Number of protein chains: 2
Amino acid sequence: MDVPDQVGAGAVTCQLRDVLDRVGDKWSVLIMAILGGGSRRYSELRRSIDGISQRMLTLTLRSLERDGLVIRTVTPSTPPRVDYALTPVGQTLSAEVSSLISWSERHREYIGRSRDRYDAEAEAEARP
Amino acid sequence: MDVPDQVGAGAVTCQLRDVLDRVGDKWSVLIMAILGGGSRRYSELRRSIDGISQRMLTLTLRSLERDGLVIRTVTPSTPPRVDYALTPVGQTLSAEVSSLISWSERHREYIGRSRDRYDAEAEAEARP
DNA sequence: CGGTATCCTCATAGATACTG
DNA sequence: CAGTATCTATGAGGATACCG
């Protein structure tokens, strides 16, 4: 793994924290996954992502854009049109994300069974 | 990428959400990274992870254990000794995580420059 | 040593309303 | 259509104290 013993204060962790904050928030990965399939309009994203508020969609897109992972293209027509796409670097992160998705698919059942077992044992202990 | 257009309500997203919640919280990945280097005692983890509270260390370890990613071994000596290690499945997630860490190392500078540029442009626009 | 229990705070995100 | 502004609330996480 080559991870230093002391993490949490050094530069390595800051890098890691940055990416985890990026990848860990509620909507970023979902947006990147969709944009991995190609450029999308604002309204397309809104429809594609079930349950996202307009506020969070905009906020998340802005921070992805700020990080250079997504590019925003405005077409000043009437009605206005705004398209979002992954940048080349965004595509490489999107690839990492898709690897994580496939991990989750492979181990979904295992985790589910683990949780059931753990909860059953915890309950058995609570009421002996 | 092979990601469906509609995410957020279907099974695919639940799997993904599960992993993201797992990987996205503040301490799980740090703990998994350290345990990737081998088994560690509770107190070793506490010292290794700068800034973690006892509460969060315990909570995070419990949920990792619940998911079958970490195994907890109690040695009932005096003083008591508790060791934590990755399970085989935990090791595979740890590998994904290390891939993400290396991505973050490779693109740390790019993101930093992107943010600086974005913020500079935002400020330039705010005060023209 | 390896935890629980309790309280508290402060970001994150949802709902709603309005706009160029 | 593609946002911004404002308000609110919920829950993750920190601080502290105590326990087997």
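First the proteins, then the strands, lettered A, B, ... as listed; each starts at 1. These numbers come from a predicted model, not from an experiment.
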Any side-chain N or O of A:T58 below 4.0 angstrom from OP1/OP2 of D:dG3? no
Do A:V23 and A:L93 make a side-chain contact, defined as non-hydrogen atoms from C-beta onward lying under 4.5 Å apart? yes
If you check the A:P80 side chain, which of C:dG3, D:dC1, D:dG3 turns out closest? D:dC1
Side-chain ion pair, B:R22 and B:D67, N-O less than 4.0 Å: yes
Checking B:T87 side chain against B:G68 main chain: does a donor-acceptor pair fall under 3.5 Å? yes
N or O in side chain of A:Y84 less than 4.0 angstrom from D:dG3 OP1/OP2: yes
Does D:dA2 have OP1 or OP2 sitting under 4.0 Å from an N or O in the side chain of A:R81? no
Grab the OH-P distance between A:Y42 and D:dC1 for me, whole Å please. 12 Å
Are more than 12 heavy atoms, taken from residues, nucleotides or ligands other than A:I71, located less than 6.0 Å from that residue's CD1 atom? no
Quick one: is B:R72 getting a side-chain N or O under 4.0 Å of the C:dG3 phosphate, OP1 or OP2? yes
Starting the side chain at C-beta, find the nucleotide from C:dC1, D:dG3, C:dG3 nearest to B:P79. C:dC1
Return the value, rounded to whole Å, for the distance between atom CG of A:D25 and atom C1' of D:dA12. 15 Å
To the nearest Å, give me how far apart CZ (B:R40) and P (C:dG2) are. 14 Å
Is it true that a side-chain atom of B:R72 and a backbone atom of B:V70 form a donor plus acceptor pair closer than 3.5 Å? no
Shorter than 3.5 Å, N or O on both sides, protein versus nucleotides 14-17 of chain C: list them out with atom names.
from: C:dG14; atom 1: OP1; to: A:K26; atom 2: NZ; distance (Å): 2.7
from: C:dG14; atom 1: OP2; to: A:W27; atom 2: NE1; distance (Å): 3.4
from: C:dG14; atom 1: O6; to: A:R55; atom 2: NE; distance (Å): 3.3

Counting N and O atoms only, with roles assigned by atom type, does the side chain of A:T60 sit under 3.5 Å from a partner on the main chain of A:L57, one being a donor and the other an acceptor? no
To the nearest Å, how far apart are B:E44 CD and C:dC1 P? 12 Å
Roughly, in whole Å, what's the span from CG in A:L57 to C1' in C:dA13? 13 Å
B:D50 has an atom CG; how far is it from atom C1' of D:dG14, in whole Å? 14 Å
Under-4.0 Å side-chain N/O to phosphate OP1/OP2 contact, A:R62 with D:dG3: yes
Can you tell me how far P of C:dG3 sits from CZ of B:R47, to the nearest Å? 14 Å
d(CG, A:L61; C1', D:dT4) in whole Å: 15 Å
With the side chain counted from C-beta on, respond yes when A:L100 and B:V97 share a heavy-atom pair under 4.5 Å apart, and no when they do not. no
